[in-house]
Amino acid sequence: FNAERNISLRMRIGVNSGISGTLTMLSDASLTISDPGSLNDNVILVGVAGVGALMVQSGSDVTVNGGNLGSLEIGLFAGSTGNATFTGAGTTFTANLVNNGISIGYQGTGTLNIQSGAIAKSLALNAGGNLGGKGFVNVTGAGSQLLLSPDTGSWSSTPNQGGFLQ
């Protein structure tokens, strides 16, 4: 989409096995998602049990407020594939929540790409979080950044369970 949107609750892309879905945000689009605070609400889910893709580009931004388990889950369940790409100068992803931030490849396969000057900010990032999960993080191109909070930010990868940072 190419506009400003505010959404409550959660957004899911590629929910069911055998199903694929894609959301592309174009030129200066803005998306703000606020979680109601349920313990089981992960606010943006990309590749829940199917195949999901999120493409945020050309100065667009995504902000997630709230959530208790995670703000961005990519490749959630076994057999799923998720890909979230933030690309282009001025493109941002911001996770404003207290507990977890970004989870990539919890039980499925997930990839987070931050490229060509995009910036992603979160309090925490976990790749390859559970047995069988594969999480990949690629930060490429001039000005591209993955920023974890200097006070409480953390990076974790479960040994021998598929967490990769490039």
Side-chain angles (χ1 to χ4, degrees), residues 1 5-26 29-57 60-87 91-115 118 120-139 146 148 154-158 160-166:
F1 62 87
R5 298 278 189 258
N6 291 302
I7 299 174
S8 298
L9 302 173
R10 53 189 156 166
M11 179 174 66
R12 295 176 278 184
I13 305 166
V15 176
N16 297 317
S17 180
I19 302 294
S20 64
T22 301
L23 172 66
T24 301
M25 294 177 59
L26 305 171
S30 176
L31 174 66
T32 301
I33 298 179
S34 296
D35 177 83
S38 166
L39 290 176
N40 294 315
D41 258 337
N42 299 307
V43 183
I44 300 177
L45 301 158
V46 182
V48 179
V51 176
L54 172 65
M55 170 66 82
V56 182
Q57 59 192 21
S60 296
D61 72 327
V62 175
T63 302
V64 178
N65 297 311
N68 290 307
L69 295 178
S71 60
L72 178 60
E73 296 273 352
I74 307 166
L76 188 58
F77 295 125
S80 67
T81 301
N83 187 328
T85 299
F86 299 89
T87 186
T91 300
T92 61
F93 172 77
T94 305
N96 295 317
L97 74 157
V98 179
N99 296 325
N100 295 321
I102 302 171
S103 175
I104 305 150
Y106 179 70
Q107 292 176 339
T109 299
T111 303
L112 172 64
N113 298 302
I114 303 163
Q115 57 195 34
K121 303 173 195 172
S122 181
L123 295 179
L125 183 135
N126 187 332
N130 206 344
L131 188 59
K134 290 186 170 66
F136 301 89
V137 180
N138 303 300
V139 181
L146 172 59
L148 300 177
S154 65
W155 151 262
S156 67
S157 175
T158 306
N160 302 315
Q161 291 186 14
F164 303 93
L165 176 64
Q166 307 191 107

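Although no hydrogens or angles enter the test, the distance criterion places no donor-acceptor pair under 3.5 Å between the side chain of Thr91 and the main chain of Ala118.
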Name the atoms and distances for all side-chain donor-acceptor pairs under 3.5 Å in residues 74-82, with sequence neighbours left out.
| unit_1 | atom_1 | unit_2 | atom_2 | d |
| --- | --- | --- | --- | --- |
| Ser80 | OG | Gly47 | O | 3.2 |
| Ser80 | OG | Leu76 | N | 3.3 |
| Ser80 | OG | Phe77 | N | 3.3 |
| Ser80 | OG | Phe77 | O | 2.5 |

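Rounding to the nearest 0.5 Å gives a distance of 4.5 Å between CG of Leu23 and CD1 of Ile13. Expressed to the nearest 0.5 Å, how far CZ of Phe86 lies from CD of Gln115 amounts to 11.0 Å. Rounding to the nearest 0.5 Å gives a distance of 6.0 Å between OG1 of Thr109 and NZ of Lys134. Rounded to the nearest 0.5 Å, atoms CE (Met25) and CG (Leu31) are 5.0 Å apart. Atom CG of Leu26 is separated from atom OG of Ser60 by 6.5 Å, given to the nearest 0.5 angstrom. Of the inter-residue distances, the one linking Leu112 atom CG with Ile102 atom CD1 reads 5.5 Å to the nearest 0.5 angstrom.
The minimum heavy-atom distance between Ile114 and Ala120, with the atom names listed, is CD1-CB, 3.6 Å. In terms of heavy-atom proximity, Ile104 sits nearest to Gly110 at CG2-O, 3.0 Å. The two residues Ala127 and Gly135 come nearest to each other via the heavy atoms CB-O, 3.9 Å.
Under the rule for a side chain to side chain contact (heavy atoms under 4.5 Å, CB included), the partners of Asp61 that lie at least two apart in sequence or sit in another chain are Ser30, Thr63, Thr92. Under the side chain to side chain contact (heavy atoms under 4.5 Å, CB included) criterion, Thr22 pairs with Thr24, Ala53, not counting sequence neighbours. Under the ring-ring contact (aromatic ring centres under 6.0 Å, His included) criterion, Tyr106 pairs with no residue at all, not counting sequence neighbours. The side-chain hydrogen bond (donor to acceptor under 3.5 Å, both in side chains) check on Thr85 picks up Asn83, Asn113, with sequence neighbours excluded.
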Residue pair Val137, Leu125: steps toward the side chain to side chain contact (heavy atoms under 4.5 Å, CB included) verdict: CA-CA 10 Å; Val137 180; Leu125 183 135; 4.0 Å; yes
Pair Val48-Glu73, side chain to side chain contact (heavy atoms under 4.5 Å, CB included): steps then yes or no: CA-CA 8 Å; Val48 179; Glu73 296 273 352; over 6 Å; no
